[in-house]
Number of protein chains: 2
Amino acid sequence: MAGIKDVAKMAGVSVSTVSNVINGRHGKMGHDTLCRVQDAISTLKYVPNAVARQLQSGQIRTLGLIVPSVANPFWGNASQVIEKEAKAHGYQVLICNAERDPDTEAAYLESLYSSGIRGVILGSSPVSLDHLQKQAEKGMRIAAFDRNTQGIQQLLSCSISIDQISGARMAARHLVGLGHKRIGFISGPIGTSSRIARLDGLRAELAKVGVELDDELLWLGRNASGFGDSQAAELGRSAIRELMTLNNPPTAVFCINDMYAIGALSGARELGYRVPEDLSVIGFDDIYLAKVMSPPLTTIQQPLEQMSKLVVAKLIEALRTDGAIDDPYIEMRPELIVRSSTAAPNPRKA
Amino acid sequence: MAGIKDVAKMAGVSVSTVSNVINGRHGKMGHDTLCRVQDAISTLKYVPNAVARQLQSGQIRTLGLIVPSVANPFWGNASQVIEKEAKAHGYQVLICNAERDPDTEAAYLESLYSSGIRGVILGSSPVSLDHLQKQAEKGMRIAAFDRNTQGIQQLLSCSISIDQISGARMAARHLVGLGHKRIGFISGPIGTSSRIARLDGLRAELAKVGVELDDELLWLGRNASGFGDSQAAELGRSAIRELMTLNNPPTAVFCINDMYAIGALSGARELGYRVPEDLSVIGFDDIYLAKVMSPPLTTIQQPLEQMSKLVVAKLIEALRTDGAIDDPYIEMRPELIVRSSTAAPNPRKA
DNA sequence: AATACTATGTGTAACGTATTACCAGTTCAC
DNA sequence: GTGAACTGGTAATACGTTACACATAGTATT
């Protein structure tokens, strides 16, 4: 374990001089001194101890990222893009799976704080952010990702999200436009801000055009306690089985995200329903799997890459400027991607 | 930002006493002292600085995890399980996406090392581990996951993997057993130990039973430079299009992992081929999506949960015992999961 | 009454780096 | 030839925590 002292001894200079070399203050010394130090560094395979450095400087170039579950390709992909972007800014990312549980989120936040991390990207997460108050007060900068910021802006340094409500309305409008009148809704437990908004959007649009949303067709993660996103597809499959065996089944279903939609596709086929002839399915997120499903999934797209770049840039700016940034709360426009899982309802059954 | 000194001052005791409280040495002090210190801690919202702690102790309860890509559900799910398991041992996990690039892996390893992390789980990764030598020499404990350990055991503290070769042979035997004689192989670039072993296994089994493996039917990630796993499904789709438009197309394809297989399913359907009637597709890994595909995917299962538990336990043990652990190199048995994407070849075309 | 022991705390030196103040030469203008 | 400015470098201290040796007082034992 070579330390800066060993390097100094070997090069015959003081530790401060070595420190100057490491930190690029080359102007402060003679050329031969510089060379001797550099030689010593490489022969000893010396790497500065980031821990000691941080303790001294109080700085650490690491961001926290709290997501519901990297097992869900949407978040897996988001994590990857965010990490890449952070790396481009010279930051590392510590990824945490919080499973949408407030206590787990709070525990991670405290742990990140105690590691010196002062910037965190919070993905999805529950409606109330009370559990984060303590850390926020102590100076943790929090950036929200994929959630609305109603009433919690004082806790947040910035936020990036799509307009969930209008996304859900686009989906609803698409289905209604095709002629559907019996529309189902499939989701896991409605605990996060984004899920609430999506359901609200669906409700609002259907109300506006005068289509009833039958409570019987709302499937909200029954028996799903403790299930993570890796089970989302399975839940979607169970859901569609229950909905399609009702006396008056839906002709179309809106799924809270693409994973549920993928499960719904699978379940519908098992029951002998053809998609989209007998049943239309629409998802949300546009994960990369949506286009390779059969049939390819109609869905609402989130501009993931742009959102990730923005959230990283904003958060780092907030960290540098001590919170004073322009335009901290951004809502992007989602987009309807029509593929082949939606069509007009089957007249025989309608 | 309250430190231990502030707590000590407020409670009217020395920093040592506060340290004792924090570290659970409650027997060393009077009851009222304990209470006063605890009060001070909570009113000041004091959280011990993990960095300073680590500097002192040289210990950090964090593991590094280097994976090809969390966007691939196999690795996303693995990351999640590993993280959960590590947490149960009181460790955090720092997840890094290395995209199968040796330089990126080396950079992450150095960065992890300088953060005081001394235990890393290395997922998949290139054949040669020369790029990791430097860190390994300095005392980094490396656990290999999902790769063979031929000739690199001195670099590794432990390893957990399935027997890739026998997994691939099981797949080949299954296809041959169904009567297939023209078998294709779809993969991205063959750069990692696990991919090499899978191809070797396929070759060995086919040679054994006297079925030719036509080079024309080997699709190895053409034009795939820089593509990550989120594109694997798309690559699978391109691959199947190329293979099925040959003069003498395959009747079955073996895909390097389930993501490619999912893409192959999609591509085959687009071309009008039915799976499994016209084409059999077999994958590898058994990600949770395999069973909700249509048709559900026949695949080779890796016992992910068990493997994850083992690798975490072994690595932590290696860290604690300074490398001396029993049975460090474990190969688990993969299992053939027969679903509905494989069947006997269509006699019309055979 | 002297000794030993227990319970309860305290003081301080690390840990490895960055920063600050400082010092010894050299050069140079006047 | 004298002091200011500059160059190349040193030494001391701080960062927040822990570990360990030591201090103090009260109580029990001989």
Side-chain angles (χ1 to χ4, degrees), chain A residues 1-38 40-41 44-62 110-118 138-139, chain B residues 1-38 40-41 44-62 110-118 138-139:
Chain A
M1 309 298 137
I4 198 172
K5 280 186 214 154
D6 305 296
V7 176
K9 200 170 296 172
M10 180 163 193
V13 298
S14 72
V15 290
S16 324
T17 302
V18 179
S19 170
N20 285 332
V21 172
I22 295 167
N23 293 285
R25 290 183 281 271
H26 293 181
K28 292 215 152 201
M29 69 203 65
H31 182 66
D32 55 333
T33 313
L34 176 61
C35 291
R36 258 182 312 147
V37 172
Q38 284 172 332
I41 286 177
L44 290 173
K45 292 174 192 167
Y46 165 73
V47 181
N49 180 323
V51 178
R53 233 167 164 161
Q54 184 200 341
L55 179 61
Q56 164 63 26
S57 69
Q59 291 289 313
I60 182 175
R61 292 174 78 80
T62 298
E110 175 156 331
S111 157
L112 294 173
Y113 184 92
S114 92
S115 302
I117 292 171
R118 292 295 176 271
K138 289 199 294 197
Chain B
M1 310 308 131
I4 198 172
K5 282 187 213 155
D6 305 297
V7 176
K9 203 170 295 172
M10 182 163 191
V13 297
S14 71
V15 289
S16 323
T17 301
V18 179
S19 173
N20 285 333
V21 172
I22 295 166
N23 293 283
R25 289 182 281 269
H26 293 182
K28 293 215 152 201
M29 69 204 64
H31 182 66
D32 54 334
T33 313
L34 175 60
C35 290
R36 258 182 311 146
V37 173
Q38 284 172 332
I41 287 177
L44 290 174
K45 292 174 191 166
Y46 164 74
V47 181
N49 181 325
V51 178
R53 242 171 159 158
Q54 184 198 342
L55 179 62
Q56 162 64 25
S57 68
Q59 292 288 313
I60 181 176
R61 293 173 78 82
T62 298
E110 174 157 333
S111 156
L112 293 174
Y113 185 91
S114 91
S115 303
I117 292 171
R118 292 294 176 272
K138 289 201 295 197

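In the text below, chain A, chain B and the rest are named by the order of the sequence lines, each starting its count at 1. Computed from a predicted structure; not experimentally measured.
Within the 3.5 Å criterion, the main-chain N or O of K138(B) finds no donor-acceptor partner in the side chain of K45(A). Side chain of N49(B) to backbone of V51(B): a donor-acceptor contact under 3.5 angstrom is found. Looking at Q54(B), its side chain does come within 3.5 Å of a backbone N or O of S115(B) through a donor-acceptor pair.
R25(B) places its CZ atom 15 Å from the P atom of dT10(C), with the value rounded to the nearest Å. Protein atom CG of N20(B) is 14 Å distant from nucleotide atom P of dA21(D), rounded to whole Å. Distance, L55(A) CG to dA18(C) C1': 10 Å, rounded to whole Å. dC15(C) atom C1' lies 11 Å from atom CD of Q54(B), rounded to whole Å. Between N49(B) atom CG and dC15(D) atom C1' the separation is 9 Å, expressed in whole Å. Remark: C1' of dA13(C) and CD of Q56(B) are 9 Å apart, rounded to the nearest angstrom. Between Q59(B) atom CD and dT17(D) atom C1' the separation is 14 Å, expressed in whole Å. For R36(B) and dT10(C), the CZ to C1' distance is 14 Å, given to the nearest whole Å.
V13(A) comes within 4.0 angstrom of sugar-phosphate atoms only, judged by non-hydrogen atoms across all strands, and of no base. Among the atoms of the strands shown, base atoms are found under 4.0 Å from some heavy atom of T17(B).
Toward the 5' end of DNA chain D, the nearer of the two residues G3(B) and H31(A), judged by each one's closest nucleotide, is H31(A). Nearest-nucleotide positions on DNA chain C place L34(B) closer to the 5' end than the other of A52(B) and L34(B).
In this structure, R53(B) does not reach the dG16(D) phosphate: none of its side-chain N or O atoms is under 4.0 Å from OP1 or OP2. T33(B) has a side-chain polar atom (N or O) that falls below the 4.0 Å cut-off from OP1 or OP2 of dG9(C). Proximity of N23(A) to the phosphate of dA18(C): a side-chain N or O atom is located under 4.0 Å from OP1 or OP2. Between S19(B) and dT18(D), a side-chain N or O to OP1/OP2 separation shorter than 4.0 Å is present.
Between the base of dG11(C) and the side chain of S16(B) there is a donor-acceptor pair shorter than 3.5 Å.
Taken to the nearest 0.5 Å, the OG1 atom of T33(B) stands 11.0 Å off from the CD atom of Q38(B). From T17(B), atom OG1 reaches atom CE of M29(B) across 6.0 Å, with rounding to the nearest 0.5 Å.
Minimum atom distance to the side chain of K5(B) is reached by dC15(D), of the listed dT12(C), dC15(C), dC15(D). Checked against dG9(C), dT17(C), dT10(C), the side chain of S14(B) finds its nearest nucleotide in dT10(C).
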